[in-house]
Number of protein chains: 2
Amino acid sequence: MHRPRRLKAPVTREKLIEAAGEIFAEKGLHGTSIRDITQRAGANVASVNYHFHDKFELYAQVLRRAHEGIVAAMSRPLTAKTPEGRFRELITAMLKSALDPSRPKWQTRVLGRELFQPTPVLDLMYDLVRPTAHRLSQTMGEMRPDLSFQQLTLAAAGVVARAVFHVYHGHLVQRMFPAAPEATPDELIEHVVEFSLAALRGLQAPPACGQNHRPRSCRATAKRRANAAHARRVR
Amino acid sequence: MHRPRRLKAPVTREKLIEAAGEIFAEKGLHGTSIRDITQRAGANVASVNYHFHDKFELYAQVLRRAHEGIVAAMSRPLTAKTPEGRFRELITAMLKSALDPSRPKWQTRVLGRELFQPTPVLDLMYDLVRPTAHRLSQTMGEMRPDLSFQQLTLAAAGVVARAVFHVYHGHLVQRMFPAAPEATPDELIEHVVEFSLAALRGLQAPPACGQNHRPRSCRATAKRRANAAHARRVR
DNA sequence: CGCGCTGTCAAACGCGCGTTTTAAACAACC
DNA sequence: GGTTGTTTAAAACGCGCGTTTGACAGCGCG
């Protein structure tokens, strides 16, 4: 109780998290045994229950570690002047960070699993994606202030879907279109940007508001328009 | 060997597959125990090993059943005359069949799990998506014969991504944009169609071929153009 | 009826799991 | 060196898992 004497070795902790991350990413929480983990980490079976209370706490730590790694790679400020430029920056940040080979691959996968197998730690996943999604829809709203809120949300969700899907299910695309040459990350980014921009430019705005129908969406749109106008004035 | 005497009861088989489908969809292969399944089915523990050889064979049968259900719901012929019409039909068929409440929900989920946890039965998933993806990219190619093969493939993959993502990760969209009103299936279909069509119209074709650069993609594009021209002539 | 076959059931087997226990090795301070 | 607290190691525990067993009921048929 006197002083934190721990000068020696939380190195086992690190090796456990790393090994656990790799195997959890591959086989999931239920498909992974503590003996698998400790064997890969070169540690004893009891080490998991010593350093973490139990298997689930280790799993939670693994997810937290993955979360930190991805957030660190993804939260750079946007510098571009035009909305189009910021849009491109966002897409690039998303995909570059997800595909960055210098970060261990399990960090992306282990979090992606939560999408299908929600454990109590799923909120980390939400916290991870929400700010990016928010910046995305906001940027898109600056480009098309005339679109309805729902149109923007659905469009932004579509862009996120495109990125997430490729990261996690790229192999499926490969198998769906076997004749297609695999796109490089740069080509993919370029395509997502161009595709989305083309769609965004071409989308039809909802009928003018202030009329007799669609009161809810029109109210939201009106507010958004006011906000956009305010932002323009401030800048 | 004389005659198929089985007049009595393969009803337990059915109850097992149904119960197993529900629990597999919820907890995955490793997270589900035979005792869970047999209890929900109102059968004995040994029934799984009697009717199927082991747990994995039951899982395979569950996947096969889900596969049949979805294929039956999705493989209707396209009747529309214009490519836009057929495009809309395809999107509608994809999402309507995936969200059809008259089909048990586990059929969709249990197959979707294979995307993250590939088991040896994963090929079913590919066979499921490939024909739709093929029809999709072909229809899109008819609308824009000037686009490169890779552009079309990426665009089609984007559309599939949009649909699949919403089916499996709709809850994430809900959490990303909590302020957004949840889109009804019809609104979603409408948006995916309009968004994709707008993008498809706005995409820039690659620089004219026959020049000195990009030989591969240009060759493919040239072939596609020839095919499209041929199709037009035949029709 | 006796016989063979199908399907069900309770009970048990063996194994691997997560976890606990116990003791020893180690490092820092007196 | 002795003491104290931290970290590792080996072995064991209890439990739930997938699977197997053996007995038994229903049923068509000679």
Side-chain angles (χ1 to χ4, degrees), chain A residues 1-64 110 113 117 119-121, chain B residues 1-63 65 110 113 117 119-121:
Chain A
M1 185 59 89
H2 302 255
R3 253 182 298 155
R5 228 205 290 193
R6 47 174 66 185
L7 288 181
K8 214 195 93 183
V11 59
T12 306
R13 262 187 81 101
E14 287 307 306
K15 287 200 290 186
L16 281 177
I17 289 186
E18 197 71 20
E22 294 169 7
I23 311 187
F24 280 146
E26 193 185 343
K27 310 192 179 186
L29 171 59
H30 293 297
T32 304
S33 77
I34 289 189
R35 283 168 174 86
D36 287 345
I37 297 170
T38 51
Q39 181 172 340
R40 178 173 300 201
N44 190 271
V45 236
S47 56
V48 163
N49 297 76
Y50 174 76
H51 288 282
F52 318 87
H53 296 155
D54 54 16
K55 185 186 180 182
F56 300 97
E57 180 60 26
L58 168 59
Y59 184 69
Q61 294 289 341
V62 164
L63 283 194
R64 217 175 312 273
V110 92
R113 277 188 175 279
Q117 191 84 259
T119 70
V121 210
Chain B
M1 185 59 86
H2 304 254
R3 252 183 298 156
R5 222 196 305 182
R6 48 175 64 183
L7 288 180
K8 216 194 91 184
V11 60
T12 307
R13 260 188 82 101
E14 286 309 305
K15 286 200 291 187
L16 280 177
I17 290 185
E18 197 70 20
E22 294 169 8
I23 311 187
F24 279 146
E26 192 185 346
K27 309 193 178 183
L29 172 60
H30 293 297
T32 304
S33 77
I34 289 190
R35 283 169 174 84
D36 288 344
I37 296 170
T38 50
Q39 182 172 340
R40 177 173 301 202
N44 190 269
V45 237
S47 56
V48 164
N49 298 77
Y50 175 77
H51 287 283
F52 318 87
H53 296 154
D54 53 17
K55 183 186 182 182
F56 300 99
E57 182 59 27
L58 168 59
Y59 184 70
Q61 294 289 341
V62 165
L63 285 193
R65 176 65 54 92
V110 91
R113 277 188 175 275
Q117 190 85 258
T119 69
V121 211

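What's counted below: heavy atoms across the whole structure, side chains too, no hydrogens, waters or symmetry copies. Below, read A as the first sequence line, B as the second, and so on, with proteins coming before strands; counting in each chain starts at 1. Since this is a predicted model, take the numbers as computed values, not measurements.
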Atom NZ of K15(B) and atom C1' of dT8(C) are separated, to the nearest Å, by 12 Å
Does the base of dG16(D) carry an N or O that pairs as donor and acceptor with the side chain of R35(B) under 3.5 Å? no
Please confirm whether the backbone N or O of F52(A) pairs with a side-chain atom of R13(A), one donor and one acceptor, at under 3.5 Å? no
Can you confirm whether more than 12 heavy atoms, excluding those of Q39(B), are under 6.0 Å from its CD atom? no
Let me confirm one number: the NE2-OG1 distance from H51(B) to T12(B), rounded to the nearest 0.5 Å. 4.5 Å
Are any of T12(A)'s side-chain N or O atoms less than 4.0 Å away from OP1 or OP2 of dT7(D)? no
Between Y50(A) (OH) and dT19(C) (P), how many Å, whole number? 17 Å
Could you give the CG-to-C1' distance, from L16(B) to dT19(D), as a whole number of Å? 15 Å
What is the distance from CZ of R13(A) to P of dT6(D), rounded to the nearest Å? 14 Å
Under 4.0 Å: is that the gap between some side-chain N or O of S47(A) and OP1 or OP2 of dT8(D)? no
Is there a side-chain polar atom (N or O) of N49(A) under 4.0 Å from OP1 or OP2 of dT19(C)? yes
Between dT19(C), dA10(C), dA9(D), which nucleotide gets closest to the side-chain atoms of N44(A)? dA9(D)
Separation of atom CD1 in I34(A) from atom P in dA10(D), rounded to whole Å: 17 Å
Starting at CG of L16(B), measure out to CG of N44(B) and round the result to the nearest 0.5 Å. 10.0 Å
Are H51(A) and dT6(D) close enough that a side-chain N or O sits under 4.0 Å from OP1 or OP2? no
So, does R40(B) use its side chain to make a donor-acceptor pair with the main chain of K15(B) at under 3.5 Å? no
Which part of the nucleic acid, if any, lies within reach of T32(A) when heavy atoms closer than 4.0 Å are counted: base, sugar-phosphate only, or nothing? sugar-phosphate
Quick one: K55(A) NZ to dT20(C) C1', roughly how many Å, whole number? 17 Å
Expressed as a whole number of angstroms, how long is the span from E14(B):CD to dT8(C):P? 12 Å
note: F52(B), atom CZ; dG18(D), atom P; distance rounded to Å ~ 15 Å
